[in-house]
Amino acid sequence: MEKNSVKAYMEYSEEKFTKRIIYKKGETTAFVLNFLPGQQLPTHKHPGTEVYIYVVAGNGTIFIDGKEAEVSEADLIHVNSHEEMSFNNTGKEPVSLYVVLSRIPSDLYAKNI
């Protein structure tokens, strides 16, 4: 067993958002993204990977395939491997997102393309 606290990975920087990896095991990676107000995650995709996001603290705006949604503490978001995503801390407080990337086995991913 391995036990950690998300709070230990909530580190912010004035320069840009931070990424703190908690676990990297096999085909799965878990990390925390930390944003000060106004900081953003650029638009990107994770081909062959499912993305699960839990809003630990704060609020902001997530864009998935161009669709905008406001998110706040305790929200859960799933982004599939074909969707494009970005995030912007539009609030007045810091935001922390707990993110899990889970790789889709290549034979299953190939069938869904």
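Bear in mind that the values here come from a model prediction, so they are computed numbers and not experimental data.
- The shortest distance between side-chain heavy atoms of V51 and E83 does not fall below 4.5 Å.
- Heavy atoms only, all atoms of each residue included: P94 and P37 are closest at N-CD, 4.3 Å.
- A distance-only check finds no donor-acceptor pair linking the side chain of Y9 to the backbone of N4 [under 3.5 Å].
- Between the CD1 atom of I53 and the CG atom of L101 there is a distance of 8.5 Å, given to the nearest 0.5 Å.
- Nearest heavy atoms, S81 versus G48: CB-N, 3.5 Å.
- Between H82 atom NE2 and E50 atom CD the span is 8.0 Å, to the nearest 0.5 Å.
- A continuous path of Ile, Leu, Val, Met, Phe, Trp and Tyr side chains, each step under 4.5 Å between heavy atoms, connects V56 with Y12, placing both in one hydrophobic cluster.
- Under the 4.5 Å side-chain criterion, counting only non-hydrogen atoms from C-beta, I77 is in contact with I62.
- Both V79 and L97 are part of a single hydrophobic cluster, where members link through side-chain heavy atoms under 4.5 Å apart.
- With rounding to the nearest 0.5 Å, the separation of NE2 in H44 from CZ in F87 is 12.0 Å.
- When the salt bridge (charged side-chain N to carboxylate O under 4.0 Å, His left out) test is applied to E11, the partners found at least two apart in sequence or on another chain are R20.
- Linking ILVMFWY side-chain heavy atoms closer than 4.5 Å, directly or via other members, places L76 and L41 in two distinct hydrophobic clusters.
- Taking the six-membered ring for Trp and thresholds of 30 and 60 degrees, F17 and F35 have nearly parallel ring planes, at less than 30 degrees apart.
- In this structure, CG on D75 lies 10.0 Å from CD on E70, to the nearest 0.5 angstrom.
- With sequence neighbours left out, N34 forms a side chain to side chain donor-acceptor pair (under 3.5 Å) with T18, S96.
- Of the possible polar contacts, one joining the N89 side chain to the L36 backbone as a donor-acceptor pair under 3.5 Å is found.
- Screening residues 51-60 for side chain to side chain donor-acceptor pair (under 3.5 Å), with sequence neighbours left out, gives no hits.
- No continuous path of ILVMFWY side-chain contacts below 4.5 Å connects Y98 to I21, so the two sit in separate hydrophobic clusters.
- Atoms OG1 and NZ, on T29 and K19 in that order, are 7.5 Å from each other to the nearest 0.5 Å.
- Expressed to the nearest 0.5 Å, how far CD of E14 lies from CD of Q39 amounts to 7.5 Å.
- Closest approach of K45 to E84, counting heavy atoms only: CG-CA, 3.8 Å.
- One hydrophobic cluster holds both M85 and V99 under the rule that ILVMFWY side chains link at heavy-atom gaps under 4.5 Å.
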